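Okay, so here's the structure we're looking at.
Note that the structure is a prediction, hence the values are computed from the model and not measured.
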Amino acid sequence: MERRNTRQRQQILDTVRALDHPDADEICAALAGEQPRAGRATVYRNLNLLVQQGDIRRIETAGADRYDGCLRPHYHLHCRCCGRVFDAHMPVVEGLDKQLQDTDGFAVEGYTIEFIGLCPACIKLKSGGR
């Protein structure tokens with residue numbers, strides 16, 4: 001695994017951390033002014049590498065994958081209308097994976113909890129802007 005941290009990779013990492021759960025297209029758009037030669041293939045390659053290295057997390061969605069620069073354990077809210085992902089501001093249930101292992105004998109390697117619904121902007125849009 002390539003561990004050398006290039007300037008492009010660092011800018012991609014900084015962009016993921018600065019934006020709120022961006023997808024690759026949002027990252028490309030944000031980098032367009034700073035890194036005009038950072039094409040989609042470069043961004044995807046570096047995102048995959050940053051995920052493998054444990055520097056960011058990939059959030060798989062039905063649409064485009066999103067990326068999270070926050071590595072502390074937390075849950076997500078996923079808007080089923082616009083596809084955006086937000087951090088859920090609530091305490092993490094400690095030892096949840098161990099409870100599952102104790103009851104089912106499954107070797108848990110990790111888990112994600114995602115709450116699905118509508119974000120405030122989509123609720124407003126659906127209610128006719130009221």
Side-chain angles (χ1 to χ4, degrees):
M1 182 180 334
E2 184 181 342
R3 194 62 188 163
R4 187 173 58 98
N5 197 14
T6 66
R7 188 174 63 165
Q8 276 185 335
R9 187 171 309 127
Q10 185 60 50
Q11 285 180 314
I12 292 168
L13 176 60
D14 292 343
T15 302
V16 169
R17 289 178 175 162
L19 298 176
D20 192 18
H21 304 94
D23 64 20
D25 287 339
E26 292 168 335
I27 294 165
C28 286
L31 289 171
E34 297 175 40
Q35 284 286 342
R37 294 195 305 218
R40 289 175 55 88
T42 299
V43 170
Y44 276 105
R45 184 176 60 255
N46 281 287
L47 286 171
N48 287 331
L49 194 57
L50 289 166
V51 168
Q52 288 174 356
Q53 292 175 176
D55 294 324
I56 62 173
R57 289 184 181 169
R58 181 187 332 268
I59 303 168
E60 295 177 9
T61 68
D65 288 351
R66 301 259 172 190
Y67 296 90
D68 193 351
C70 177
L71 299 178
R72 69 168 170 69
H74 63 287
Y75 307 132
H76 291 110
L77 302 161
H78 183 182
C79 181
R80 65 177 170 76
C81 185
C82 68
R84 290 184 59 207
V85 174
F86 307 86
D87 287 338
H89 299 287
M90 63 181 286
V92 171
V93 178
E94 296 294 328
L96 194 57
D97 54 340
K98 301 297 183 233
Q99 291 176 34
L100 179 63
Q101 283 182 323
D102 291 345
T103 60
D104 294 336
F106 192 87
V108 175
E109 296 174 347
Y111 66 94
T112 61
I113 294 181
E114 178 181 73
F115 299 94
I116 301 165
L118 296 175
C119 72
C122 289
I123 291 171
K124 187 174 181 179
L125 191 66
K126 285 193 176 283
S127 68
R130 290 180 250 149

Any pair with a residue in residues 10-33 that passes ring pair (Phe, Tyr, Trp, His ring centres under 6.0 Å), sequence neighbours left out, goes on the list, sorted by first then second residue, please. H21-H76

Distance (rounded to the nearest 0.5 Å) between H74 NE2 and T112 OG1: 10.5 Å

Between R57 and L71, is there a donor-acceptor pair closer than 3.5 Å when you use the side chain of the first and the backbone of the second? yes

Is there a path of hydrophobic side-chain contacts, each under 4.5 Å between heavy atoms, that joins L77 and L96? yes

Is D55 close to V16 at the side-chain level, that is, under 4.5 Å between some pair of heavy atoms? no

Rounded to the nearest 0.5 Å, how far does CD1 of I12 lie from CG of L50? 7.0 Å

Using every non-hydrogen atom in the two residues, find where V43 and C28 come nearest and quote the distance to one decimal. CG2-SG, 3.6 Å

Here the pair of heavy atoms bringing R17 nearest to G69 is CG-CA, 4.0 Å

Tell me whether I56 is reachable from I59 by hopping between hydrophobic residues (I, L, V, M, F, W, Y) whose side-chain heavy atoms are closer than 4.5 Å. no

Quick one: pull up CG in L13 and CD1 in I27 and give me the separation to the nearest 0.5 Å. 10.0 Å

Validation row: R72, V92 side chains within 4.5 angstrom (heavy atoms): no

Straight-line distance of N46 CG to T15 OG1, nearest 0.5 Å: 11.0 Å

Is there a continuous path of hydrophobic side-chain contacts, each under 4.5 Å between heavy atoms, that joins V93 to F115? yes

From T42 OG1 over to Q8 CD, what is the distance, rounded to the nearest 0.5 angstrom? 5.5 Å

Can you name the closest pair of heavy atoms from K126 and C81 and give their distance? CE-SG, 4.1 Å

R58: side-chain contact (heavy atoms from CB on, under 4.5 Å) partners, not counting sequence neighbours: N48, V51, E60, D65, Y67

Residue pair D87 / D68, side-chain heavy-atom distance below 4.5 Å: yes

Is a side-chain N or O of E26 found less than 3.5 angstrom from the main chain of D23, in a donor-acceptor match? yes

Could you state whether I116 and Y75 fall into the same hydrophobic cluster, counting links through intermediate Ile, Leu, Val, Met, Phe, Trp or Tyr residues with side-chain heavy atoms under 4.5 angstrom apart? no

Write down the atom of C79, the atom of C119, and the distance for their closest heavy-atom approach. SG-N, 3.3 Å

